[in-house]
J.: 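Structure below; questions to follow.
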There are 2 protein chains.
Amino acid sequence: MLHVAEAARVSVATVSAYINGTTTVSQELSGRIEQAIREIGYKRNAIARSLKLGTTRTIGLTVPHITNPFFTDVVSVIQQAFDRAGYAVMLCCTDEDLNNQDEQIRLLLDRMVDGLIIARVGDGAYLKETVERANVPVVLVDREVDGVDSDRVVLDNHQAVFEAITYLLELGHRRIGYITGAFNITPMRDRMTGYHEALLNAGVAFDQSLVRSGDLHEADGYTAAMQLLSLHDRPTAIFSANNPMVVGAMKAIRDLGLSCPEDVSVICFDDFPWADVFNPQLTTIAQPVQAIGEQTASLLLDRLNGNREAPSRRLVLKGRLMVRNSCRPVQALTSVPTVVAASST
Amino acid sequence: MLHVAEAARVSVATVSAYINGTTTVSQELSGRIEQAIREIGYKRNAIARSLKLGTTRTIGLTVPHITNPFFTDVVSVIQQAFDRAGYAVMLCCTDEDLNNQDEQIRLLLDRMVDGLIIARVGDGAYLKETVERANVPVVLVDREVDGVDSDRVVLDNHQAVFEAITYLLELGHRRIGYITGAFNITPMRDRMTGYHEALLNAGVAFDQSLVRSGDLHEADGYTAAMQLLSLHDRPTAIFSANNPMVVGAMKAIRDLGLSCPEDVSVICFDDFPWADVFNPQLTTIAQPVQAIGEQTASLLLDRLNGNREAPSRRLVLKGRLMVRNSCRPVQALTSVPTVVAASST
DNA sequence: TTGTATGCGTTATCAC
DNA sequence: GTGATAACGCATACAA
């Protein structure tokens with residue numbers, strides 16, 4: 001900018017005023033400045049500007065895994081929204097690791113992001129403190145943090161799973177395997193209560209041996225399904241609490257020489273684009289990813305636009321059961337053989 | 001930092017020296033500083049630091065679509081690599097729009113990113129200029145830019161498609177529908193030449209009516225497949241140049257009451273995690289996404305670590321044909337009826 | 001070992 | 001309408 005000012009034979013203050021339209025500057029000087037800018041190829045330094053203004057027009061976004069289609073979609077929508085609003089977004093993936101998360105949030109805060117969107121990981125103790133001390137607005141998405149009362153948008157996980165399990169029960173299933181992630185994140189807890197209530201509602205006893213917990217990855221789903229399907233009295237249906245794990249579960253079904261839906265019905269959380277073009281066409285619980293992303297962005301944008309003091313808002317969206325053909329009435333099942341050995345990949 | 005200095009009754013210079021380990025500072029003062037930092041909850045302001053140092057330890061990453069599994073994976077790997085190296089990454093999605101891309105790159109450069117990774121979009125004219133004027137290292141991934149000789153990592157697209165089409169030809173297919181994106185990006189051009197050469201090599205005449213071009217989205221694949229399969233002498237196999245378009249193509253096949261591989265063989269570019277658990281299990285060309293991401297990151301990191309003058313490097317990786325069960329010998333096909341009308345979604 | 005002074009590129013406040 | 005100048009928070013050269 002100094003160079004521009006010199007080339008245009010004006011002061012830096014005038015250049016700044018011209019660029020930002022702060023004050024009206026004469027035709028004369030405007031022309032000289034404009035020309036100097038072009039000749040020099042001057043670009044305003046956003047870092048210096050940020051330092052002075054105290055705002056970076058950048059937000060931080062941290063999610064567990066970007067390869068999980070649910071987060072891919074949410075990130076995509078959020079990214080677009082902030083792009084439109086003239087904000088840049090710094091993306092971090094915690095890989096379900098608590099230490100990564102702490103580190104990344106610190107990094108983001110150091111860089112003076114104007115706001116934070118967090119799909120958290122692990123237990124909430126440290127995060128609670130971080131969120132409360134951060135002097136920037138933060139909105140939580142998908143996963144809440146105990147005791148933290150910030151803006152957030154979540155799904156009605158309980159209801160969604162209740163519906164899904166009820167659907168399975170109506171098809172006559174009584175032994176429904178349940179593959180979940182650890183209960184230290186709210187969605188997993190809430191989904192589990194949906195399972196419980198659906199069983200209770202149908203008068204079906206809860207069987208702890210039908211519940212397997214993993215770390216949300218494909219491999220965990222594989223292991224869990226292997227164990228479930230190797231049970232003496234194996235389940236006739238399996239529910240998976242997320243997409244990566246259901247892929248693992250399907251592989252387990254395949255490797256055991258079983259098939260879906262002939263031998264076992266499958267239903268899972270999170271929809272994906274090709275769910276209805278490949279077979280079995282999975283019955284899923286679709287989250288309104290577009291709305292989730294947009295609402296999340298809009299909550300943060302609202303704070304960024306100055307609405308700092310409004311009481312925190314909690315948006316709860318509804319999931320939708322996408323019935324396809326991966327579930328069958330239990331009487332239609334191929335007779336249920338006991339799986340003897342499960343030696344495979 | 002000023003507050004810390006005051007609380008510890010030292011100068012800001014000493015605090016800075018202590019934090020960065022620039023000079024050794026006495027036990028005495030170290031203790032006071034340490035305590036002051038904790039009490040105040042001081043965090044170093046990376047923006048001010050960046051302004052002074054001229055480096056942000058942030059890189060910019062721009063891709064067409066994060067929801068395309070190929071880019072999802074590449075972004076994920078790159079993100080991890082820079083995370084490990086202590087860099088933040090700003091993510092932009094151009095949505096295959098040239099204006100977005102220009103704007104976003106400008107935005108990134110204004111923010112003084114230390115480097116740029118670009119999977120470009122549209123024609124290369126403006127981008128060429130941008131890349132050449134940017135005084136930060138840039139590495140191109142997946143798509144090259146005509147006349148720009150920067151670091152880049154690409155796939156041997158020609159070879160990969162040559163193999164895939166040859167595979168189809170060996171199965172007896174002679175009419176192979178080809179769904180592509182516009183030829184203003186290098187991969188689409190190179191893939192097309194692979195198609196050409198494979199046909200030539202097998203002595204099969206090239207038929208322009210079997211080639212349909214779209215904008216890389218699912219809807220384009222749908223339209224293209226609809227047209228191809230409505231041809232009087234319809235193709236017995238279809239190749240799709242990316243993943244979103246093959247999803248559309250599969251939907252078209254379904255909507256026409258056809259099925260794969262019984263009526264039409266399908267093969268596509270880019271692999272995805274559940275390719276081998278759902279049916280038909282798609283035969284795909286798998287890009288080494290892990291390697292692509294790592295090499296890309298490592299090229300940029302190398303520049304960032306000071307190796308600025310080395311001649312530009314062009315890394316070419318190989319694709320791998322993942323043969324599954326979406327392709328059949330042509331004599332095994334169900335008799336080929338002429339599709340009369342194609343009125344659907 | 002520690003402190004003083006200066007500058008990184010902006011914007012804002014004030015004189016003129 | 002225009003131009004000095006201070007300040008944003010930090011790092012560094014140099015003095016002490």
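The analysis underlying the following values was restricted to heavy atoms, covering all of them including side chains, and did not include hydrogens, waters or symmetry mates.
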J.: Decide if atom CZ of B:Arg308 counts as having more than 12 heavy atoms of other residues, nucleotides or ligands within a radius under 6.0 Å.
T.: yes
J.: Taking only N and O in the side chain of A:Ser16, is any of them less than 4.0 Å away from OP1 or OP2 of C:dT11?
T.: yes
J.: On the nucleotide C:dC8, are OP1 or OP2 found under 4.0 Å from the side-chain N or O atoms that B:Arg49 carries?
T.: no
J.: Is there a donor-acceptor contact under 3.5 Å linking the side chains of A:Asp95 and A:Asn100?
T.: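 Side chains of A:Asp95 and A:Asn100: no pair found under 3.5 Å.
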J.: By the 4.0 Å heavy-atom rule, please label A:Ile47 as base, sugar-phosphate, or nothing.
T.: nothing
J.: Rounding to 10°, can you tell me the angle the first-five-pair axis of the helix from C:dT1-D:dA16 to C:dC16-D:dG1 makes with its last-five-pair axis?
T.: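 Comparing the first five pairs with the last five, the axes sit 40° apart.
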J.: For DNA chain C, whose closest nucleotide is more 5', that of B:Ser26 or that of A:Lys43?
T.: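 The residue whose closest nucleotide sits nearer the 5' end is B:Ser26.
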J.: Looking at A:Arg143 and A:Glu96, is there a salt bridge between them, counting it only when a charged N and a carboxylate O are closer than 4.0 Å?
T.: yes
J.: Rounded to the nearest Å, what distance is computed from the CD1 atom of residue B:Ile33 to the C1' atom of nucleotide C:dT1?
T.: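 It is 11 Å, rounded to the nearest whole Å.
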J.: Remember a base hit wins even if backbone is also touched, and classify B:Val12 as base, sugar-phosphate or nothing at under 4.0 Å, heavy atoms.
T.: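 Counting heavy atoms under 4.0 Å across all strands, no contact is made by B:Val12.
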J.: Testing the 3.5 Å rule here: is there a donor-acceptor pair between the side chains of A:Asn20 and A:Arg44?
T.: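 Looking only at side-chain atoms, A:Arg44 and A:Asn20 do form a donor-acceptor pair, the distance falling under 3.5 Å.
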J.: Given B:Asp151, which of B:Arg314, B:Gln295, B:Arg303 fulfils the side-chain hydrogen bond (donor to acceptor under 3.5 Å, both in side chains) condition?
T.: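 In the set B:Arg314, B:Gln295, B:Arg303, the residue that makes a side-chain hydrogen bond (donor to acceptor under 3.5 Å, both in side chains) with B:Asp151 is B:Arg303.
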J.: Hey, is the main chain of A:Leu140 close enough, under 3.5 Å, to the side chain of A:Arg152 for a donor-acceptor pair?
T.: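 No, A:Arg152 side chain to A:Leu140 backbone: no donor-acceptor pair under 3.5 Å.
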J.: Nearest whole angstrom, please: distance from the P of C:dT10 to the CE of B:Met112.
T.: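 The answer, rounded to whole Å, is 10 Å.
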J.: Quick check for you: among D:dG3, C:dG9, D:dT12, whose closest atom lies nearest to any side-chain atom of A:Lys52?
T.: C:dG9
J.: Does B:Asp146 come within less than 4.0 Å of B:Arg189, counting only side-chain N to carboxylate O?
T.: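 Yes, charged N to carboxylate O under 4.0 Å.
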J.: Check the phosphate of D:dG3 against A:Thr14, side-chain N and O only, distance under 4.0 Å to OP1 or OP2. Yes or no?
T.: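 Yes, A:Thr14 has a side-chain N/O under 4.0 Å of OP1/OP2 on D:dG3.
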J.: When you measure from the side-chain N and O atoms of B:Tyr18 to the phosphate of C:dG3, is any distance below 4.0 Å, counting only OP1 and OP2?
T.: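 No, because none of the side-chain N or O atoms of B:Tyr18 sits under 4.0 Å from OP1 or OP2 of C:dG3.
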J.: Rounded to whole angstrom units, what separation is found between the CZ atom of B:Arg44 and the C1' atom of D:dC8?
T.: 17 Å
J.: 5'-most contact on DNA chain D: A:Ala13 or A:Thr24, nearest heavy atom basis?
T.: A:Thr24
J.: If the threshold is 4.0 Å, N to carboxylate O, is there a salt bridge linking B:Arg9 and B:Glu28?
T.: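 The answer is no: the pair does not qualify as a salt bridge.
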J.: Can you tell me the distance, in whole Å, between the CD1 atom of B:Ile37 and the C1' atom of D:dC10?
T.: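 Checked: the CD1 to C1' distance equals 14 Å.
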J.: Which residue, B:Ser30 or A:Leu51, contacts DNA chain C at a nucleotide closer to its 5' end, judged by nearest heavy atom?
T.: B:Ser30
J.: Which nucleotide wins on minimum distance to the side chain of A:Thr23, given the candidates C:dT2, C:dT11, D:dT2?
T.: D:dT2
J.: Just the rounded figure in Å: distance from C1' of D:dT2 to CD1 of A:Ile19.
T.: 16 Å
J.: Using only side-chain N and O atoms of B:Asn20, determine if any of them is under 4.0 Å from OP1 or OP2 of D:dA11.
T.: yes
J.: To the nearest Å, give me how far apart CG (B:Leu29) and C1' (C:dT1) are.
T.: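 These atoms are roughly 8 Å apart.
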J.: What is the separation between atom CD1 on A:Ile40 and atom C1' on C:dG9, rounded to the nearest whole Å?
T.: 14 Å
J.: If you look at every strand shown and take non-hydrogen atoms under 4.0 Å, does A:Leu2 touch a base, only sugar-phosphate, or nothing?
T.: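 Nothing: the residue A:Leu2, judged by heavy atoms under 4.0 Å, touches no strand.
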J.: Which listed nucleotide (C:dG9, D:dC10, D:dG3) is nearest to the side chain of A:Ser11?
T.: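 Nearest to the side chain of A:Ser11 among the choices is D:dG3.
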J.: In whole angstrom, what separates B:Leu53's CG from C:dG7's P?
T.: 17 Å
